[in-house]
Each structure stands twice: as structure tokens, then as C-alpha cells.
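No hydrogens, no waters, no symmetry mates; every other heavy atom, side chains included, goes into these values. Since the model is a prediction, treat every value here as computed from it, not as a measurement.
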There are 2 protein chains.
Amino acid sequence: MSNTKIRNMEEFAAVSGISRPTVSKYFHDPNSVRKSTRGRIEAALDKYDYRPNIYAMNQNRKLTKNIGIVVPYLADPFFAEIVRVIEGRCIEAGFTPSLFSSHGDPAHENEILDSLRSMKPAGVLLAPLGRQSDKSAIETFCKNVPTVLFDSNLDGMGEAFIGSDNHSFVSQTVEYLSRTGESPCFFEMKTPANPNANKRRIAYISMMERLGLEPHVVKVEGTGWGFEEIGKQGGLKVLADDSLPTNTVLCSNDRLAIGFLSACYESGVKVGRGPDCQLRVASHDDHPFSRFTCPSLTTAAHDYNAVSDHAVDTLFRLIESGGHLGTRTETLFPARLIMRDSA
Amino acid sequence: MSNTKIRNMEEFAAVSGISRPTVSKYFHDPNSVRKSTRGRIEAALDKYDYRPNIYAMNQNRKLTKNIGIVVPYLADPFFAEIVRVIEGRCIEAGFTPSLFSSHGDPAHENEILDSLRSMKPAGVLLAPLGRQSDKSAIETFCKNVPTVLFDSNLDGMGEAFIGSDNHSFVSQTVEYLSRTGESPCFFEMKTPANPNANKRRIAYISMMERLGLEPHVVKVEGTGWGFEEIGKQGGLKVLADDSLPTNTVLCSNDRLAIGFLSACYESGVKVGRGPDCQLRVASHDDHPFSRFTCPSLTTAAHDYNAVSDHAVDTLFRLIESGGHLGTRTETLFPARLIMRDSA
DNA sequence: ATAAAAAATTTACCCGCGTAAACTTTTGTC
DNA sequence: GACAAAAGTTTACGCGGGTAAATTTTTTAT
């Protein structure tokens with residue numbers, strides 16, 4: 001490692017004995033230059049530790065090698081986990097991921113899209129807030145930037161959608177619960193933030209009807225993204241009122257269930273499938289913490305890797321095709337039932 | 001909103017009737033131009049929706065308005081929450097935060113620092129991995145980029161450190177537990193990733209000795225960042241062995257405690273301070289989920305806001321002072337004991 | 001009203017790199 | 001060894017905006 005500092009590509013080209021345009025080509029794609037040339041550049045590279053100025057590089061590019069990743073709520077470990085996988089894939093493929101969380105705030109989601117636009121990213125993976133999202137802002141954004149939606153679908157927006165098949169989630173849990181005990185009631189927020197919640201309720205009702213059972217939906221108060229607290233308060237209430245229609249509760253998602261289980265514990269209600277248990281509780285998502293609840297939570301698991309991989313692959317195809325795929329596809333991955341102790 | 005598209009600052013200056021250098025000055029600091037001028041620019045601004053090219057802007061700047069935020073493990077909601085607060089403060093102050101997670105991997109931490117350097121950020125808020133961090137890489141980085149460390153301290157690195165006072169955490173929990181029942185043993189990982197863990201053990205031992213009590217440290221196997229699982233497996237083991245030295249367990253951190261509580265539940269061990277309880281469990285951090293454990297977790301809470309605010313304020317002072325503060329300060333915020341049901 | 005200070009304007013050059021065109025050298029093939 | 005193709009070199013210009021210097025205009029103070 002020499003201590004003479006290289007200020008720009010010109011100087012670096014000089015010390016490596018290669019012309020600047022060729023060096024520029026190398027940084028754009030190392031395989032686009034002859035092997036011997038690449039060798040000389042790389043020799044100089046670890047002797048002088050030069051890195052091209054990213055701002056100058058991107059200034060003249062129509063598209064950069066940046067990929068934007070936007071999630072609605074990073075404090076939810078579910079999204080943190082997906083982000084981890086997606087980031088890895090992007091880096092592998094030579095892109096530079098930039099991570100953003102809307103933190104549950106539509107205004108902030110808009111700001112993110114705004115600053116994302118000026119980053120001229122090659123593509124964006126967007127998990128929108130859902131119902132709260134500013135649809136027209138997202139629509140405009142998607143027209144200007146190659147975007148793949150994931151997790152939450154918004155009608156017609158983005159070049160593709162990749163998510164989980166809510167019907168598969170709910171039909172598996174409902175089928176399992178109904179087969180092994182009393183049929184479940186459906187526990188959810190009165191005004192859910194996420195479109196998946198609506199799909200799950202509808203799937204629950206249709207599945208129950210198909211089984212010839214009467215559906216019961218229990219809606220609890222509360223808004224925002226503090227699902228655990230909402231589940232807990234709602235749980236305490238329905239348990240105090242003794243207003244649950246059945247002894248089996250199917251929560252819309254694991255975070256609600258975590259709160260609900262906490263309410264059960266505090267109310268002295270024993271959850272599980274043992275003979276001494278008063279209630280069975282199941283849910284959806286396979287949240288990273290669901291294996292540590294008391295009792296551990298029976299749930300339907302996302303195929304994290306499939307969703308992440310397919311979202312990223314789709315985005316790469318989109319980028320390669322220059323920003324437009326033929327028709328907008330919606331890919332849904334089925335769930336896998338995870339049987340634990342709560343039901 | 002006119003539909004003529006503005007391509008660059010030249011054109012925007014033309015339509016706003018102001019010269020380009022003045023417009024440039026405006027974007028650098030809106031208050032640096034006369035009020036009437038600002039008015040004309042802003043009128044044009046919402047008529048034509050032009051935004052300066054961020055790459056061209058930053059190319060010639062020694063320092064940008066970017067701030068890097070690096071955390072060791074974003075899937076830990078503790079960090080997700082801190083990040084949320086910090087991001088907000090940065091945006092308020094007119095900076096552009098960029099978020100990175102090392103995902104528990106030292107090699108990735110290095111890559112992040114590398115790409116961060118080429119972003120020429122005005123400053124960086126770094127929560128390092130800790131023991132696993134490549135110390136020399138971080139040291140080199142801190143010499144080149146104005147950096148404030150938080151959460152995990154690394155000796156002498158960065159211009160300042162802001163974190164929580166582990167001694168305050170542990171002394172409060174130990175004092176409380178010892179006063180209200182059997183004195184606690186200390187439950188931790190054999191080889192903790194984070195320097196805070198060591199400080200907590202030391203604080204535990206010294207506090208116990210001060211109280212004239214015998215310290216007992218229970219170390220469990222396991223490496224990596226899956227603390228809950230480590231706590232659970234370790235918990236199952238010590239409960240099966242019946243090897244706990246006392247009926248009161250103080251976990252090094254909440255994530256371990258979440259796993260430990262799960263082990264207690266599965267082992268049929270009732271936790272709490274009621275007469276029918278076999279074990280008391282307490283911990284440190286006030287993890288976002290600790291209020292939803294079964295039973296809810298007695299813990300010592302970080303002053304999230306104080307840490308975030310002070311870290312950000314320190315970074316801003318550092319930036320204003322041109323990259324160096326006088327002497328390296330280490331600011332530690334005390335804990336607040338949160339009494340819940342587990343102890 | 002007038003001088004002094006503050007703010008804008010004009011002009012001009014720079015930054016670090018992308019990239020096109022014309023030309024030269026190196027490769028690989030028969 | 002001749003020759004076409006591939007790769008590299010030179011030269012030159014552009015991108016979009018930062019910024020300095022000299023000049024003009026506007027504002028503020030007296």
C-alpha cells in the first residue's frame with residue numbers, strides 16, 4: 001500500500017499504466033477489459049486503494065447501480081428479516097441497496113419516494129404502507145422509476161407484485177383448527193393498516209363457509225402500528241367480557257397474537273391444546289418471536305426466502321428489460337403451517 | 001404546476017428570474033438569500049418542481065449533507081427504535097440519513113464503512129458490533145470520517161461515545177431484587193458479542209460484593225445474534241439440571257430473558273413474585289417486546305430519547321466544529337427500573 | 001440624500017467522470 | 001506471416017452544479 005494519494009481516475013490511470021477510458025470501463029464492468037489489463041489495474045488497485053467518486057460516476061448515468069428498498073415499519077422484525085435477505089441479494093448482484101423505513105407514516109413514505117427519485121435508482125423494491133399510502137403519489141412514482149411491489153399489493157401499481165398468498169395462510173390455519181377442535185373465531189383490528197388483513201378476513205369467512213361453519217369476526221379498537229399493544233388491550237377486554245364466541249382464536253397476524261397471548265396470561269387463561277387449556281390461539285406470519293411466546297405460537301409461515309428471492313429476481317429482470325415488463329404479474333407464495341404449542 | 005420540464009439549475013434559474021449562483025446558494029441554505037429572492041425561487045419551485053441533481057451537488061463538496069447511521073443488527077427492535085428517532089432528528093436538521101445494518105457480520109460492517117467513506121458523509125453515527133468488530137478498520141475509518149460511537153464503546157475510537165450506564169442498570173436491578181427476595185444470579189452468554197455484556201457482569205459482581213452477597217454467574221452456550229434462542233436453550237438446560245443457584249435470575253439483556261421466560265413456561269416453572277411462583281426473572285434494556293412476555297418482564301430501561309438526542313447533538317457539534325472535538329467524551333445515561341410482573 | 005454594506009449578477013473555471021470518434025496496438029486464426 | 005477482430009489509446013467534449021472574482025444593484029444606516 002503506497003502512501004501517495006490518488007485524487008482521481010486520471011491519476012489512478014497513470015499509476016496503473018492504463019488509459020483513463022479503459023479504467024473507466026473496468027469500473028463499469030471488470031470483465032469488459034482484457035485479462036492482462038484487469039491484472040494491472042487490480043495490482044494498482046490494492047497498491048493505491050483508489051475508489052472512483054460515486055457522485056461523479058452517477059452524475060452522467062441515466063440510471064445508477066442503486067436499488068431502493070422501502071418498508072413500512074422497520075421496527076417490525078418481520079421486515080427487518082426480509083430486508084436482510086434482500087440486501088444480500090442486491091450486493092451479490094453488484095448493486096448498492098439503500099434502505100428506507102416509512103415508520104408507519106404516509107407523509108414520510110412520500111418523502112422517501114421523493115428523495116428516491118432524485119437518486120435515479122436502477123430499481124426500487126417497495127413494500128407500501130397499504131391503506132394509508134398516498135396512492136396517487138405512489139402511482140406517479142412507479143411511472144418514473146422501475147418499481148416492484150412486495151408484501152402489500154396496491155392495485156395496478158408497480159411493474160409486479162410479490163407477496164404471500166393470504167388465502168393459503170388462512171385456509172391452512174382454519175382447516176387445521178377446525179379439524180382438531182372447535183372452529184376458530186377471527187381476531188383482528190377494526191381498521192387494519194394493511195390490505196393483507198382484509199384479504200385474511202375474507203379468506204377466513206369464505207373458508208368457514210366452505211366448511212359449513214359459522215364465521216365469527218372479533219374486531220378490536222386501536223390504530224397505528226403498535227399491534228402488540230392493540231392485541232393485548234383487545235384481548236384483555238374480550239376475556240374480561242367473556243365475549244369470545246368460541247374457545248379457539250385465530251389472530252390476523254402474529255404481532256396481534258403476541259399481545260393477545262400476553263392478555264391471556266395476565267387474565268389467567270391457559271392457552272394450548274392440552275386438556276387443562278381453556279383457549280387455543282393461532283395466527284399468521286411466523287414472526288421471528290413467535291417461537292418464544294408462552295406458549296409458543298402455532299402459525300402459518302411466510303416463505304421469506306421465496307418472497308425475497310422472487311422479488312429481487314423480478315426487479316433484476318425489470319432492470320435488464322429497461323424498465324418495463326410485459327404485463328403486471330402478481331406472484332403469491334403459499335404458507336407453511338407451523339404447529340407449536342398454542343393450538 | 002407547469003409541464004415544461006426543467007433539466008438543470010441553469011434552466012430553473014431562468015424561469016425563476018434569478019441567477020444560477022444565487023439559486024445555488026439558496027439550495028445550500030435558503031436563509032442565505034434575501035427574503036424577496038427566496039420568495040421568487042420558492043414560487044418557481046412549486047410551479048416547476050425542480051430538484052438539484054444530488055450527484056452533481058455532492059461531487060465538488062468536500063463534505064455532503066449525508067449522515068451515515070450504522071447499527072449492528074437491525075432485526076433487533078431495540079436498534080430499529082433508536083434508528084427511527086435518530087433518523088427523525090437528522091431530517092429535522094436538514095441532513096439526509098443513510099441507514100446500514102451490519103446484520104451481525106464483521107465483514108459486512110467493514111464493507112459498510114468502506115462504502116460510507118466514499119459517500120463523503122458529514123458525519124457518522126456508529127453502533128459497532130463490539131468484540132467482533134475489526135478494530136483497526138474502525139479506527140482507520142474514524143480518523144477519516146467524523147464519527148460518534150453509540151451503544152457499544154470501543155476504546156478511544158470515534159470523537160465521542162454515547163451510551164447507557166451499565167452500572168446504573170445492574171445496580172438498580174440487583175438492589176431491587178436483593179431487597180425484595182433472594183439475591184439474583186446473573187444469566188448470560190458464555191462469549192457475549194457486545195462489550196456491554198461484560199460491563200454488566202462486572203457491575204453485577206461488584207454490586208453483589210458491596211451488598212455482602214455472593215455472586216453467581218450462570219453462563220450458557222451459544223454464539224451469534226440469536227439471543228432469544230440461546231436464552232431458551234440455556235434456560236431449558238439449567239432448569240432441567242436444576243442447577244440455578246438461587247430462585248432469582250437476572251438476565252444480561254431482555255432478549256436472553258425472552259428466551260429464558262419461554263424456557264420457564266415450557267418447563268412448567270411459574271415466574272413472578274406471587275406466593276405460588278418458583279422463580280423471579282429480571283433483565284435489562286426494556287426491549288419493545290418486554291411488556292408482552294409472560295409474565296411481563298421487570299427490566300431496566302434505556303433512556304432511548306436521551307441517548308438518541310445526545311448522540312445526534314454531539315454529532316452536529318462535531319460537524320460544526322469541522323470534524324474534531326476537544327477531548328473524547330463518554331456520556332452514559334442511567335437506567336430507569338421498570339417493575340412488571342416477572343420479579 | 002448619500003455613503004456604506006449587503007446581496008445579486010456576470011463571467012469563468014473547476015470537479016471527476018462518462019463517453020463518443022478516430023486511431024493504434026495487440027490477439028488470435030488460418 | 002498476413003489480416004481481421006478485439007482491445008486499448010488519444011483527444012475532446014459534456015454533465016450539473018460549486019465557487020471565486022469583479023461588477024452592479026439593492027438595502028440599510030446616517
Quiz item: Hey, does the side-chain of B:E10 have a donor or acceptor N/O within less than 3.5 Å of a partner on the base of D:dG17?
Solution: no
Quiz item: Do B:Q59 and D:dG17 share a donor-acceptor pair, side chain to base, under 3.5 Å?
Solution: no
Heavy-atom distance under 4.5 Å between the side chains of [X] and [Y], does that happen here?
{"X": "B:N194", "Y": "B:D151", "value": "yes"}
{"X": "B:L315", "Y": "B:I67", "value": "yes"}
{"X": "A:M57", "Y": "A:H28", "value": "no"}

For the pair made of [atom1] in [X] and [atom2] in [N], what is the distance, rounded to whole Å?
{"X": "B:N31", "N": "C:dA6", "atom1": "CG", "atom2": "P", "result": "17 Å"}
{"X": "B:I6", "N": "D:dG16", "atom1": "CD1", "atom2": "C1'", "result": "14 Å"}
{"X": "B:N53", "N": "D:dG14", "atom1": "CG", "atom2": "P", "result": "18 Å"}
{"X": "A:R38", "N": "D:dG8", "atom1": "CZ", "atom2": "P", "result": "10 Å"}
{"X": "B:K35", "N": "C:dA6", "atom1": "NZ", "atom2": "P", "result": "18 Å"}
{"X": "B:N60", "N": "D:dG14", "atom1": "CG", "atom2": "P", "result": "18 Å"}
{"X": "B:N58", "N": "C:dC17", "atom1": "CG", "atom2": "P", "result": "14 Å"}
{"X": "B:I41", "N": "C:dT9", "atom1": "CD1", "atom2": "C1'", "result": "13 Å"}

Exercise. Would you give a per-nucleotide map of nucleotides 25-30 of chain D, 5' to 3', where B means the base has a protein non-hydrogen atom under 4.0 Å away, S means only the sugar-phosphate does, and - means neither?
Key: -SS---
Quiz item: Does the gap between the ring centers of A:H310 and A:F333 come in under 6.0 Å?
Solution: yes
Quiz item: Ring centres of B:F78 and B:Y304 under 6.0 Å apart?
Solution: yes
Can you figure out which of [options] approaches the side chain of [X] most closely?
{"X": "B:N8", "options": "C:dG16, D:dG16, D:dG18", "value": "D:dG16"}
{"X": "B:M57", "options": "D:dG16, C:dC17, D:dG18", "value": "D:dG18"}
{"X": "B:V33", "options": "C:dA8, C:dC17, D:dC15", "value": "C:dA8"}

Quiz item: Is the phosphate of C:dA8, meaning OP1 or OP2, less than 4.0 Å from a side-chain N or O of B:T37?
Solution: yes
Quiz item: Can you find a side chain N or O atom of B:Y50 that sits less than 4.0 Å from OP1 or OP2 on D:dG17?
Solution: yes
Self-check item: Backbone of A:G104 reached by a side-chain donor or acceptor of A:S102 within 3.5 Å
Solution: no
Self-check item: Donor-acceptor under 3.5 Å (B:T314 side chain, B:V312 main chain)
Solution: no
Practice problem: Report the relative orientation of the aromatic rings in B:F27 and B:F12; use parallel for angles under 30°, tilted for 30 to 60°, perpendicular for over 60°. | Solution: tilted
Quiz item: Do any of residues 112-123 of chain A sit with a heavy atom less than 4.0 Å from DNA chain C, and if so which?
Solution: none
Quiz item: Of the residues in residues 15-30 of chain B, which ones touch DNA chain C at a heavy-atom distance under 4.0 Å?
Solution: B:G17, B:I18, B:S19, B:R20, B:P21, B:T22
Practice problem: Would you mind checking if B:D114 and A:R51 are paired as a salt bridge, meaning a charged N to carboxylate O distance below 4.0 Å? | Solution: yes
Quiz item: With distance as the sole criterion, is a donor-acceptor pair present between the side chains of B:Y26 and B:E42 under 3.5 Å?
Solution: yes
Quiz prompt | Shortest non-hydrogen separation from A:L74 to B:A80 and the atoms involved | solution = O-CB, 3.7 Å
Practice problem: Check step by step if salt bridge (Lys or Arg N to Asp or Glu O under 4.0 Å) holds for B:R84 and B:E81. | Solution: CA-CA 5 Å; B:R84 193 179 62 77; B:E81 181 59 19; 2.8 Å; yes
